[in-house]
Amino acid sequence: MFEILPLEIKFQILLYCPDDVLLLLSSTNHFYYHLIFKIDEKEDELNNELNNYNKLLWLNRCKDILNKYIGDCNNEIVNNNLNIPFLLKIETNNQLLQYFTNNFMQKNLSFIEIYKFFKNIKFELNENNNINKNSYKLQNNTCRNIQVEHWLSFYGSFKLNFMKGFEIIINEYYECYNTWRIVIGFGLKRNTFNSDSSRTEFTVNNKGIGLILESCGFAGNGQMEPCLHGYEPAQKGYRYTVYLDWKVNNCAYFLQNGKVITKVDLEELDLEKEEIYPIISLTSKKTCSIYPLLKENYDPLKLEEECKLLSMA
């Protein structure tokens, strides 16, 4: 029955198929493989039509998963009765294309590549760790320190020379005797990561920079610096954004619920040569989720203007 349907109807059905069904269908013959996975450069009417459907298929899937992430963040606002702005969903393909242009370091990425990135974003632990597996939990894009007594640190699964930043949502936040409880930032990977219980290990030994949510400050290269004004104490449901602008101002902006709270110079880092990853450190009974950048445009000019206004406050 499916075979006799017009191509446009087949495409509409494919939009609602899960990934495993698309994979299975693509293996049946060359036509479906081309329609689902392969862009053919050969110029003829059928190829052009298939190429257009292929791009639309993956563009729509990118939009769906990105809007799901945005919905997750908005649900946290509702569930925790927070008086902070909602994120706007991506409504049109033109908005989504602008999002790609604004937020990815690399240009000319295929829509399939971007979809795979969205689909596989998650936290990881370094392979050489001796941590009891019952002491933490990794599930999809979420990490939890269950009972590691001091600090436990996780890497994001992607490099920050691929995307210009990331977002973190606090899903669980129990107060404890530590005056510092969550550190969000970025740095190089190291095989010995998590070998000590320092709250700012990654900000000392691997060119890392971390925002310490409870201290209204950030650490880098072993030094502590205060945030600008406008910072509020961390709580469950809050969203933190790290945005790297190394092309124009060579700095990283840290935002809380969409508002700039500080910026840090990137003099020690070379994102073209070094592999920089998102990193988060948690004390016990803390859970966070990592997301791609969730706004269509974090305009560096506007972020810089916000920083100037804060510094004068």
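Residues: numbered from 1 along the sequence shown. Basis for what follows: all heavy atoms, side chains included, without hydrogens, waters or symmetry-related copies. Everything quoted here is computed from the prediction, not taken from an experiment.
Tyr277 and Tyr155 have perpendicular rings, their planes meeting at more than 60° on a 0 to 90° scale where under 30° would count as parallel. Between Phe254 and Phe186, the ring planes are parallel. Angles under 30° get that label, and only those over 60° would be called perpendicular.
Counting heavy atoms from C-beta on, the side chains of Ile280 and Ile182 come closer than 4.5 Å. In this structure, Trp246 and Asn161 have side chains that are not in contact, with every pair of non-hydrogen atoms separated by 4.5 Å or more. Taking 4.5 Å as the limit, every side-chain heavy atom of Leu211 sits out of range of all side-chain heavy atoms of Val242. The side-chain heavy atoms of Phe100 and Cys62, taken from C-beta on, include a pair separated by under 4.5 Å. Contact annotation: the side chain of Asn103 never approaches that of Pro292 to less than 4.5 Å [non-hydrogen atoms, C-beta and beyond]. Counting only heavy atoms from C-beta outward, the side chains of Leu14 and Leu22 approach each other to under 4.5 Å. The shortest side-chain heavy-atom distance between Leu125 and Leu152 falls under the 4.5 Å cut-off. Proximity of Leu138 to Cys143: side-chain heavy atoms (C-beta onward) are separated by under 4.5 Å at one or more points.
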task: Please test Leu294 against Cys73 for side-chain contact (heavy atoms from CB on, under 4.5 Å), starting from the C-alpha separation and ending with a verdict.
output: CA-CA 9 Å; Leu294 295 174; Cys73 296; 3.3 Å; yes
Worked verdict on Thr241 versus Glu167 for side chain to side chain donor-acceptor pair (under 3.5 Å) | CA-CA 4 Å; Thr241 307; Glu167 316 238 12; 2.6 Å; yes
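Using a distance-only test at 3.5 Å, with no hydrogens or angles considered, a donor-acceptor pair links the side chain of Asn141 to the main chain of Ile290. Side-chain N or O atoms of Asn145 include one that pairs as donor or acceptor with a backbone N or O of Leu282 at under 3.5 Å. Without hydrogens or angle criteria, Thr101 side chain to Leu97 main chain gives a donor-acceptor distance under 3.5 Å.
For Gln95, the side chain to side chain contact (heavy atoms under 4.5 Å, CB included) partners are Ile90, Glu91, Thr92, Glu296, not counting sequence neighbours. By the side chain to side chain donor-acceptor pair (under 3.5 Å) test, Ser110 pairs with Glu113, sequence neighbours left out. Tyr240 is linked by a ring-ring contact (aromatic ring centres under 6.0 Å, His included) to nothing, counting only residues two or more places apart in sequence or in another chain. Scored by the side chain to side chain donor-acceptor pair (under 3.5 Å) test, Ser284 finds no partners at all (sequence neighbours excluded). For Tyr173, the ring-ring contact (aromatic ring centres under 6.0 Å, His included) criterion is met by no residue, not counting sequence neighbours. Partners of Gln235 by side chain to side chain donor-acceptor pair (under 3.5 Å), not counting sequence neighbours, listed by chain and number: Tyr238. Judged as a salt bridge (Lys or Arg N to Asp or Glu O under 4.0 Å), and not counting sequence neighbours, the contacts of Asp19 are Arg61, Lys119. Judged as a ring-ring contact (aromatic ring centres under 6.0 Å, His included), and not counting sequence neighbours, the contacts of Tyr291 are Tyr69. In this structure, Lys295 has no side chain to side chain donor-acceptor pair (under 3.5 Å) partners at least two apart in sequence or on a different chain. Taking Phe162 as the reference, Phe104, Gln106, Leu109, Phe117 meet the side chain to side chain contact (heavy atoms under 4.5 Å, CB included) condition, with sequence neighbours excluded. Remark: Tyr174 pairs with no residue by the ring-ring contact (aromatic ring centres under 6.0 Å, His included) rule, at least two apart or across chains. For the salt bridge (Lys or Arg N to Asp or Glu O under 4.0 Å) test, residues two or more places apart in sequence or in another chain that qualify with Lys159 are Glu275.
At a cut-off of 3.5 Å, with distance as the only test, a side-chain donor of Asn102 or Gln98 sits close to an acceptor on the other residue. Between the side chains of Asn132 and Tyr136, no donor-acceptor pair of N or O atoms lies under 3.5 Å. Between the side chains of Asn171 and Lys236, no donor-acceptor pair is found at a separation under 3.5 Å. Checking Asn249 against Asp245 by side-chain atom types alone, a donor-acceptor pair falls below 3.5 Å.
Counting heavy-atom neighbours within 6.0 Å of Asn29 CG, excluding the residue itself, gives a total above 12. By the neighbour-count criterion of 12 heavy atoms within 6.0 Å, atom CG of Leu15 is densely surrounded, having more than that number from other residues, nucleotides or ligands.
Summarising the geometry of Leu7 relative to Glu49, their closest heavy-atom pair is CD2-CD, 3.5 Å, with the distance given to 0.1 Å. Closest of all the heavy-atom pairs between Leu87 and Asn74 is N-OD1, 2.8 Å.
Under a 4.0 Å N-O distance rule, the pair Lys68/Asp64 does not qualify as a salt bridge. Salt-bridge formation is detected for the pair Glu172/Arg144: a Lys NZ or Arg NE/NH1/NH2 atom is positioned less than 4.0 Å from an Asp or Glu carboxylate oxygen.
Linking ILVMFWY side-chain heavy atoms closer than 4.5 Å, directly or via other members, places Tyr99 and Leu301 in two distinct hydrophobic clusters.
Checked options Glu306, Glu304, Lys263; the residue passing with Tyr253 is Glu304 (criterion: side chain to side chain donor-acceptor pair (under 3.5 Å)).
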